[in-house]
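Scroll down for the structure; my scribbles are underneath it.
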Amino acid sequence: MTLATTTTTTTTAPRYRVRAAQVPSYQPANHHHTHNQRLIGPETVGAQQMEVLLGTLHKGGGALPHAHPGIEQSCYLLEGTARAEVAGEAFDMVPGDMCFFPADQMHVFTVTSDTPVKLLVIYSPPYGESPDKVIRPAP
């Protein structure tokens with residue numbers, strides 16, 4: 001007696017897998033030479049409590065001073081080098097480093113390498129690139 005096996009082929013993509021190559025990029029406000037891709041969020045996988053972005057920042061790029069009210073942010077550096085500043089503390093970052101920006105704390109992120117920086121950015125709760133969720137220093 002021989003048992004037959006069947007293989008099922010799915011034509012739709014898994015609901016909870018995201019391929020960066022299929023996610024459009026956008027240029028975030030208050031940043032220069034920067035393109036982000038929202039990998040995990042309400043519109044990609046239905047996430048309600050966190051958001052994960054893939055950021056690509058080119059030479060001379062980064063984030064101007066700003067803070068996110070009630071939103072914590074963390075960045076994991078994948079490629080390139082950068083300098084981060086938060087709450088009066090400044091430090092250089094290399095691939096494999098991670099930094100944390102507490103909610104409501106002014107922070108700055110600057111590319112220091114000649115090559116592009118790639119990093120994962122995690123927000124909790126989701127930021128959604130909403131202008132009402134950012135604080136900039138007074139002019």
Side-chain angles (χ1 to χ4, degrees):
M1 176 177 186
T2 306
L3 293 176
T5 58
T6 20
T7 305
T8 305
T9 305
T10 304
T11 57
T12 59
R15 287 187 307 161
Y16 300 115
R17 184 205 67 217
V18 178
R19 287 203 168 132
Q22 297 172 341
V23 177
S25 68
Y26 65 93
Q27 188 165 6
N30 207 51
H31 291 66
H32 46 277
H33 306 293
T34 301
H35 292 282
N36 285 346
Q37 294 170 277
R38 191 167 289 108
L39 301 178
I40 302 295
E43 67 283 347
T44 57
V45 296
Q48 299 297 309
Q49 302 301 315
M50 66 178 293
E51 180 178 55
V52 180
L53 310 177
L54 175 60
T56 303
L57 297 79
H58 295 277
K59 185 176 178 179
L64 300 172
H66 68 288
H68 304 280
I71 299 172
E72 294 180 328
Q73 177 182 352
S74 191
C75 299
Y76 180 78
L77 193 63
L78 299 165
E79 297 175 15
T81 60
R83 184 162 184 81
E85 298 176 40
V86 59
E89 210 178 289
F91 45 90
D92 294 316
M93 296 180 65
V94 298
D97 287 351
M98 190 163 197
C99 66
F100 176 69
F101 302 137
D104 307 304
Q105 288 290 325
M106 285 289 176
H107 55 275
V108 178
F109 191 90
T110 308
V111 174
T112 57
S113 56
D114 289 332
T115 59
V117 159
K118 284 203 181 256
L119 71 158
L120 289 177
V121 181
I122 300 111
Y123 291 109
S124 180
Y127 170 44
E129 198 59 43
S130 181
D132 62 330
K133 293 180 184 173
V134 68
I135 302 167
R136 292 179 182 90

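In this structure, R17 places its CZ atom where more than 12 heavy-atom neighbours from other residues, nucleotides or ligands lie under 6.0 Å away.
Here the NE2-SG distance, from H107 to C99, works out to 8.5 Å after rounding to the nearest 0.5 Å. Rounding to the nearest 0.5 Å gives a distance of 7.5 Å between CD of E79 and OG1 of T115. The structure places CD of Q37 at 9.5 Å from OH of Y26, a figure rounded to the nearest 0.5 Å. Here the straight-line distance linking atom CD of Q73 with atom CD of Q105 works out to 12.5 Å at 0.5 Å rounding. In this structure, OG on S74 lies 9.5 Å from CG on L120, to the nearest 0.5 angstrom. Residue L78 holds its CG atom at 9.0 Å from OG1 of T56, rounded to the nearest 0.5 Å.
No continuous path of ILVMFWY side-chain contacts below 4.5 Å connects F100 to L53, so the two sit in separate hydrophobic clusters. Under a hydrophobic clustering in which Ile, Leu, Val, Met, Phe, Trp and Tyr are joined whenever their side-chain heavy atoms come within less than 4.5 Å, directly or via other members, M98 and V111 fall into different clusters. A continuous path of ILVMFWY side-chain contacts below 4.5 Å connects V23 to V52, so both sit in one hydrophobic cluster. Both Y76 and V18 are members of a single hydrophobic cluster when ILVMFWY side chains are connected at heavy-atom separations under 4.5 Å. By the rule that hydrophobic residues join a cluster once side-chain heavy atoms approach within less than 4.5 Å of another member, I122 and I40 end up as members of one cluster.
Contact between A82 and L77 at its shortest, heavy atoms only, is N-CD2, 4.3 Å. Minimum interatomic distance between G70 and P125 (heavy atoms only, all atoms of both residues): O-CD, 3.4 Å.
In this structure, N36 contributes its side chain and Q27 its backbone to no donor-acceptor pair below 3.5 Å. A donor-acceptor contact shorter than 3.5 Å is absent between the side chain of S124 and the backbone of E72. With hydrogens and angles disregarded, no donor-acceptor distance shorter than 3.5 Å links the side chain of T34 to the backbone of L57. E129 places a side-chain N or O within 3.5 Å of a backbone atom of A29 that can act as its donor or acceptor partner. When atom types are taken as modelled, the side chain of E51 and the backbone of G128 share a donor-acceptor pair closer than 3.5 angstrom. H32 places a side-chain N or O within 3.5 Å of a backbone atom of G60 that can act as its donor or acceptor partner.
Just one of T110, V108, N30 meets the side chain to side chain contact (heavy atoms under 4.5 Å, CB included) condition when paired with L64; it is N30.
Side-chain contact between V86 and F91 is present, with heavy atoms from C-beta onward closer than 4.5 Å. Within the 4.5 Å cutoff, the side chain of Q48 has heavy atoms near those of the P42 side chain.
Ring geometry for Y123 versus Y127: interplanar angle of 30 to 60°, hence tilted. Ring-plane geometry between H35 and H58 is classed as perpendicular, the angle between the planes exceeding 60 degrees on a 0 to 90 degree scale with a lower cut at 30.
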Is there a side chain to side chain contact (heavy atoms under 4.5 Å, CB included) between T112 and M93? Walk through the geometry before answering. CA-CA 9 Å; T112 57; M93 296 180 65; over 6 Å; no
